[in-house]
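Input: a single structure, listed below in structure tokens.
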Amino acid sequence: MKLKVYTYALPLVAVLGLASCSVDPLDLQPLSDIGGNGFYANSDEVESGVIAIYDGLQQLPLREFALTEMRSDNTRTKSSEGDWAQFQDYNVAPTNVVIGSYWADNYNVIFRANVVLANLDVVEDANAAAQFEGEAKFARALAHFNLVRAYGDVPMVDRVIIQSDTDYFDRDPVATVMSLIEADLTDAASMLPDASDMAFGRATQGAAQALLAKVHLTNSNYSAAQSLLETVINSGNYALEDDYSDVFYSEGNDEIIFAIPYLDDDAVESQDFSFEMTAGGQASGLNYLTDDFKAFMDVEDIERAAALVNPLDANETGKFISASSDVRLCGNDWIVLRLADVYLMHAEAVLAGANTTTDAGAITSYNATRERAGVTALATDGSETLTKTMLMNERRVELAFENHRLYDLIRMGVATDVLGAFATAEGHAFTATDLLLPIPQAEINVSGGALTQNPGY
């Protein structure tokens, strides 16, 4: 069930024709462009605005790996050239095209979400209005969370703004933005249906709960995170796939909590990140495995290695091998949240910032992904100990190349040490200021100086 990508500029919005009940609700055809102030007159038109949010979300994964995986010890470029090499060298310039696009794409999602939220009063059905509000707030929270983790203090945009709203041009503290994210996800979790009542690719109650739990972990609110994660685990809506590779090659499976869908060989529904990570072009390949990651892989971990590494080239990831006939029109979905991540976050929440635990619940969650992969698990009778290092290592292999590694290291308080050692081994200079990206110079220019630059840039 796929999404179409539409582009529109403030103050115009794309009018998306709603399909009949027999047609995929996320596969809509644009009919025309009209002014937004003349469009949102009924529930169907508001729902078309909701679908436009998902269209905007499709842009986010296209190069997100450069900002996350390639700034960790997991991946590198194939050629070490241009803007891409800046990520692996920890030398990202404020004029880097990729960071500018990522900033703009996330704020585009926020704009689309705010448009929906501003027009909910025309939706007469209370359940529909609540669902649309939940979907918009989930997306707005996800985009703000992406921005605050990547750039630090960023403008918090909680309504539709125009060029004259200069009060919104400067940076808000991380804590302020995180408060809005928590509020949005709390609302979304109370408004959204569970997975059984929503089309694949749309936000659900479980997605809001899982993302909110990750936000709580980021804020070191471990008890709140643990409660939410246990709710998701015990909901019965999700289950680990028996075969690790099926998580990626059998899309829409029971392990997926939230994913951004794409279609093979479709001019508007496809993506090319799979091409860059696998076929990679003759020169442009991105997100290729580092020697550090290859050395890290456990020789026992045969099942996961078969999916992590392309059998045709050990430098490429195998998670996103495309079935498309056109290598640049790939249909691999992008997984944002899945149950394996939830299990490992649960162990992290129980660990609660400590270095070790013998808690049976934490170890059971840690064991879940290891037992699925057929590697050694820990005893849950208190005779064996789960350490933070063991948990970080398990997250590294289980979630490799899914854009988690950098933020895991930051959240667990070891990023400077781990990445500093890695950078030194690679011949690069690394400082703690490299954990945040620079604010795009073009945005500083447009703001008239209201936006300030991050330290170190």
Side-chain angles (χ1 to χ4, degrees), residues 1-9 14 16-17 19 23-31 48 50-70 75 77-78 83-84 97-98 100-102 104-106 108-109 112 139 142-143 146 199-203 245-253 256 258-288 307 310 312-313 316-338 401-403:
M1 298 178 183
K2 308 297 179 177
L3 311 177
K4 287 196 178 295
V5 180
Y6 301 85
T7 303
Y8 57 92
L16 313 176
V23 178
D24 184 346
L26 296 184
D27 190 7
L28 306 179
Q29 297 295 329
L31 299 180
S48 72
V50 174
I51 302 307
I53 298 172
Y54 293 105
D55 297 333
L57 286 172
Q58 282 188 311
Q59 300 302 305
L60 304 187
L62 298 185
R63 295 297 180 266
E64 187 177 56
F65 59 81
L67 285 64
T68 53
E69 293 292 311
M70 286 170 56
T75 66
T77 68
K78 183 177 183 179
D83 281 9
W84 307 109
V97 173
V98 185
S101 295
Y102 191 68
D105 290 341
N106 275 283
N108 182 38
V109 170
R112 294 179 185 212
L142 176 60
N146 289 338
F200 179 76
R202 296 184 77 155
S245 65
D246 283 346
V247 178
F248 313 99
Y249 306 148
S250 179
E251 296 184 329
N253 59 76
I256 308 305
F258 184 70
I260 299 171
Y262 300 90
L263 274 175
D264 284 321
D265 300 311
D266 189 296
V268 294
E269 289 287 355
S270 300
Q271 45 80 5
D272 66 349
F273 62 74
S274 297
F275 166 76
E276 293 293 358
M277 296 182 194
T278 55
Q282 283 65 46
S284 66
L286 306 172
N287 219 38
Y288 277 36
N310 186 344
L312 300 178
D313 187 338
E316 301 172 356
T317 175
K319 283 188 175 179
F320 304 102
I321 295 175
S322 177
S324 63
S325 57
D326 186 325
V327 294
R328 291 186 181 275
L329 296 177
C330 306
N332 309 73
D333 294 348
W334 182 259
I335 301 169
V336 178
L337 294 161
R338 60 185 176 96
F401 322 127
E402 297 178 50
N403 297 353

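Remark: Lys319 NZ to Asn310 CG distance equals 14.0 Å, nearest 0.5 Å. Of the inter-residue distances, the one linking Thr77 atom OG1 with Trp84 atom CH2 reads 10.5 Å to the nearest 0.5 angstrom. To the nearest 0.5 Å, atom CG of residue Leu57 and atom CZ of residue Arg202 are 12.0 Å apart. Taken to the nearest 0.5 Å, the CD1 atom of Ile256 stands 9.5 Å off from the OG atom of Ser250. Atom CG of Asp266 and atom OG of Ser324 lie 11.5 Å apart (nearest 0.5 Å). Residue Phe258 holds its CZ atom at 13.0 Å from CH2 of Trp334, rounded to the nearest 0.5 Å.
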As a quick check of understanding, evaluate side-chain contact (heavy atoms from CB on, under 4.5 Å) for Arg63 and Leu67, giving each step before the final call. CA-CA 8 Å; Arg63 295 297 180 266; Leu67 285 64; 5.5 Å; no

Which is it for Glu64 and Tyr102 under the side-chain hydrogen bond (donor to acceptor under 3.5 Å, both in side chains) test, yes or no, and what are the steps along the way? CA-CA 7 Å; Glu64 187 177 56; Tyr102 191 68; 2.4 Å; yes

Step by step, would you call Ser322 with Val327 a side-chain contact (heavy atoms from CB on, under 4.5 Å)? CA-CA 7 Å; Ser322 177; Val327 294; over 6 Å; no

Start with the C-alpha gap between Glu402 and Thr68, add the side-chain angles, then the distance that decides, and say whether side-chain contact (heavy atoms from CB on, under 4.5 Å) holds. CA-CA 9 Å; Glu402 297 178 50; Thr68 53; over 6 Å; no

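In terms of modelled atom types and a separation under 3.5 Å, the side chain of Asp333 and the main chain of Ala259 share no donor-acceptor contact. Here the side chain of Asp326 pairs no donor or acceptor atom with the backbone of Asp265 at under 3.5 angstrom. Between the Tyr54 side chain and the Ala139 main chain, no donor and acceptor come within less than 3.5 Å of each other. Remark: the backbone N or O of Ile321 is paired with a side-chain donor or acceptor of Asn332 at under 3.5 angstrom. Proximity of a side-chain donor or acceptor of Ser270 to a complementary backbone N or O of Gly331 within less than 3.5 Å is not detected.
Here the closest heavy-atom approach between residue Thr75 and residue Asn287 is recorded as OG1-OD1, 2.7 Å. Nearest approach of Asp272 to Arg328, heavy atoms of both residues: CB-O, 3.7 Å. Closest non-hydrogen pair, Leu329 versus Ala267, comes out as CD2-CA, 4.3 Å. The shortest heavy-atom contact between Asn253 and Asp246 is ND2-O, 3.3 Å. Listed here is the closest heavy atom pair of Phe65 and Asn403: CA-OD1, 3.4 Å. Here the closest heavy-atom approach between residue Pro261 and residue Phe200 is recorded as CG-CE2, 4.2 Å.
For the residue pair Gln59 / Asp105, no side-chain donor-acceptor distance below 3.5 Å is found, with atom types taken as modelled.
Between Phe273 and Tyr262, the ring planes are perpendicular. Angles over 60° get that label, and only those under 30° would be called parallel.
The only member of Gln271, Met277, Glu276 that meets side-chain contact (heavy atoms from CB on, under 4.5 Å) when paired with Ser274 is Gln271.
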